[in-house]
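Letters go in sequence order (proteins before strands), and every chain restarts at 1.
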There are 2 protein chains.
Amino acid sequence: MSKSNNVYKDAFNRCLRLLDETRSLPSEPELGTLLGVSRTTVRSILSRMEETGLIAWNKRDKTVLRPPRTQDFFPEEETDSLAEIIERSFMRRLLAEGAEAGMQINELELAREIGVGTTSVREFLIRFSRFGLIEKRRNSHWVLKGFTRAFALELTEIREMFELRSAAAFAALPEDSPVWADLDRLEVEHRQLADEIATRFNEFSELDERFHRLIHRASHNRFIVDFYDVIAMIFHYHYQWNKAQERERNEVAVQEHLAYIAALKSRDPGKVDAACRKHLKSARQTLLSSIPEGRQAQLA
Amino acid sequence: MSKSNNVYKDAFNRCLRLLDETRSLPSEPELGTLLGVSRTTVRSILSRMEETGLIAWNKRDKTVLRPPRTQDFFPEEETDSLAEIIERSFMRRLLAEGAEAGMQINELELAREIGVGTTSVREFLIRFSRFGLIEKRRNSHWVLKGFTRAFALELTEIREMFELRSAAAFAALPEDSPVWADLDRLEVEHRQLADEIATRFNEFSELDERFHRLIHRASHNRFIVDFYDVIAMIFHYHYQWNKAQERERNEVAVQEHLAYIAALKSRDPGKVDAACRKHLKSARQTLLSSIPEGRQAQLA
DNA sequence: AAAATGTTTTTTCACGATAAAAGACATTAT
DNA sequence: ATAATGTCTTTTATCGTGAAAAAACATTTT
């Protein structure tokens, strides 16, 4: 099979959505930057759009002939990259019952189960290993360390260290730094979400990530910024799996964020520290309380 | 070529050194644990030792017939794993003149240059990416961020945060913890090295790593412990490349370590903090001063 | 001449295949 | 009965290969 053309399919779908808005498409290089793909892929997309009668394409002229229909789109599942597919399968296994610490991970078995080559699985596991949940035995298998209470505590310890420092750096940023505008925009989004929390509570996690990433970026330290990937990954899958009191949790978190934002804007180090600590404390509580009892025993 | 038998060759060489000490070799499983390889590899080693007349092998009986000669050993370079070979080549390039930040890294070119398959290079780059020196453009090349002054500052910032915390945790460890014995042993080694620093100064870097790893382990946090890999890697290659004032540097560092050890043993948080800060400060100075001027300009 | 399109080359991504190494199972010795 | 040896099976590490995607080069259009 060698390589799937998911990049093309995904870009094609995104390009279809562009069709709704305009009468004609921009130049090839421009489309490339817009979709984040190379001109080669852009041209494949245009070829297909021409074939299926979506556009008339003649050199610079790319006129939209008809609006896209549902059947013009490639199925969603064909637009995922192999890495995403492997990650999902792996996380499902990891968070499923019976994924005990100390368990062996078998590349070949994983690859067969998911239906992909071993190379892709190996590369995924290497990338994934930085999250601290698995470990390699040289020339041999991987060992699952387990999503335990110990893991959550170690993760939050670093998170708290990094975020307190980043928040302090943020508050010390000069008045004319563009981050203050970013923060204002996020504040507006938070207020809007707070007003409609009853129906939109599930939109919080995306906002949460953008907010914390903005703060971490103020550290100007690649290790701190990169570490947020670990947190984001854990939160992403964890909350997908644990939906208990999601609305209440997010409602509280939004308010904490607003207080945190106000503290940052006050630029008072003491206030920033307090608001940050308060939010991190409840974030830790939330994470810990959602680790099932069975997993807490896996400390050994 | 598929896979080199460096594991076997390396274990064989190590096993040869064992021959000097005994009249007969232990059981296969025992040898396996001793050498850190499987029984399959142990049996290959024994086979060859029998063939070359080093031992007489009959089931449980493995009698040493003659001491190993120089030509019995496999050449050193054949005992390196592919990963080590790639790492060395890559680091040579990275630390060589002309490795400017922003430069592209080409998997295929690297693979051809080193004479290995692309898969191994890819896997190496993925593993290496956690050091924060390179970054992947999806579906495209890697970008070198460069071993710049900024990198060194970001690295030391985290290091200082982590080590101060670990040192505090260390000092708070109960009297009966086995780490105190470990520390005592390290203290003795430090004193011995201090006495013969004029001739043995190049042995410091190995001792340095063991000392700091012991302290970091007291944090009981996998992220802190793992982060020392980044520091160790940088120091390893960096000092291999920059030998200026090595003796003086190490002499100072040994003394700082001894003061640091004394502070830890006093279990006084204030003293520990002070000694730790002092050492970390001079470590940072050493690292920064060894970044050539040309590289400092690469901040952008 | 700058920017687009058309064409060709190179690189990345993913696979199956194969030898090395690990691991499992069967047999034998203490 | 335990622990070793002998044998067979499975998994890991690595390569070459080929399609997808990117990038480079050449040509045309504005």
B/Tyr8 or B/Ile105: which one's nearest nucleotide on DNA chain C is closer to the 5' end?
B/Ile105
Rounding to an integer number of Å, can you tell me how far A/Asp80 CG sits from C/dA14 P?
12 Å
The side chain of B/Ser140 is closest to which nucleotide in this list: D/dT14, D/dA23, C/dG6?
D/dA23
C/dC13 phosphate, OP1 or OP2, under 4.0 Å from A/Ser120 side-chain N/O
no
Let me know the distance between CG of A/Asn58 and P of C/dG6, rounded to the nearest Å.
8 Å
On DNA chain D, compare the nucleotides closest to B/Asp61 and B/Arg138; which residue's is nearer the 5' end?
B/Asp61
Presence of A/Lys62 side-chain N/O under 4.0 Å of C/dT5 phosphate oxygens OP1/OP2
yes
Classify B/Lys9 by what it touches in the nucleic acid, base, sugar-phosphate, or nothing, heavy-atom distance under 4.0 Å.
nothing
hbond_proxy A/Ser2 side chain to D/dA20 base (donor-acceptor, 3.5 Å cutoff)
no
Any A/Asp80 side-chain heavy atom under 4.5 Å of A/Asn6 side chain:
no
Please tell me if B/His141 has a side-chain N or O lying less than 4.0 Å from either OP1 or OP2 of C/dT12.
no
Any A/Lys3 side-chain nitrogen or oxygen under 4.0 Å from OP1 or OP2 of C/dG16
no
Comparing B/Ser38 with A/Val116, nearest DNA chain C nucleotide closer to 5' gives the residue A/Val116
Evaluate A/Val64 against A/Leu54 for side chain to side chain contact (heavy atoms under 4.5 Å, CB included), listing each step before the verdict.
CA-CA 6 Å; A/Val64 179; A/Leu54 279 152; over 6 Å; no
Once the angle between the rings of B/Phe223 and A/Phe227 is folded into 0 to 90°, is it parallel (under 30°), tilted (30 to 60°) or perpendicular (over 60°)?
perpendicular
At under 4.0 Å between heavy atoms, what does B/Arg112 touch on the DNA or RNA strands: base, sugar-phosphate, or nothing?
sugar-phosphate
Check every strand shown and say whether B/Thr40 touches a base, only sugar-phosphate, or nothing at a heavy-atom separation below 4.0 Å.
base
Between protein and nucleic acid, restricted to nucleotides 25-30 of chain C and to nitrogen or oxygen atoms under 3.5 Å apart, what atom pairs and distances do you find?
residue : atom : partner : partner atom : Å
C/dA29  : OP1  : B/Lys59 : NZ           : 3.4

Quick check on D/dT11: is either OP1 or OP2 less than 4.0 Å from any side-chain nitrogen or oxygen of A/Asn106?
yes
Examine A/Tyr237 together with A/Phe147 and report whether their ring centres are nearer than 6.0 Å.
no
Using the test side-chain contact (heavy atoms from CB on, under 4.5 Å), find all partners of A/Arg122 that sit at least two apart in sequence or belong to another chain.
A/Glu107, B/Glu123
According to a strict under-4.0 Å criterion, is A/Arg122 in side-chain N/O contact with OP1 or OP2 of C/dA14?
no
How many whole angstroms separate atom CD of B/Glu123 from atom P of C/dT12?
15 Å
Is it true that atom CZ of B/Arg23 has more than 12 heavy atoms of other residues, nucleotides or ligands lying nearer than 6.0 Å?
no
Aromatic rings A/Phe128 and A/Phe131: how do their planes relate, parallel, tilted or perpendicular, breaks at 30° and 60°?
perpendicular
Would you state whether a donor and an acceptor, one from the side chain of A/Ser4 and one from the base of C/dA14, lie under 3.5 Å apart?
no
Which of the following nucleotides, C/dT5, C/dA22, D/dG16, is nearest to the side chain of A/Glu28?
C/dT5
Closest to the side chain of B/Leu108, out of C/dG23, C/dT12, D/dG6, is C/dT12
For the aromatic rings, using the six-membered ring if either is Trp, is the centroid distance between B/Phe162 and B/Tyr228 under 6.0 Å?
no
Record whether the side chain of B/Thr118 comes under 3.5 Å of the base of D/dG16 through a donor-acceptor pair of N or O atoms.
no
Under 4.0 angstrom, heavy atoms only, what part of the nucleic acid is B/Thr41 near: base, sugar-phosphate, or nothing?
sugar-phosphate
Using a distance-only criterion (donor-acceptor N/O pair, under 3.5 Å, no hydrogens), is the base of D/dA4 paired with the side chain of B/Ser27?
no
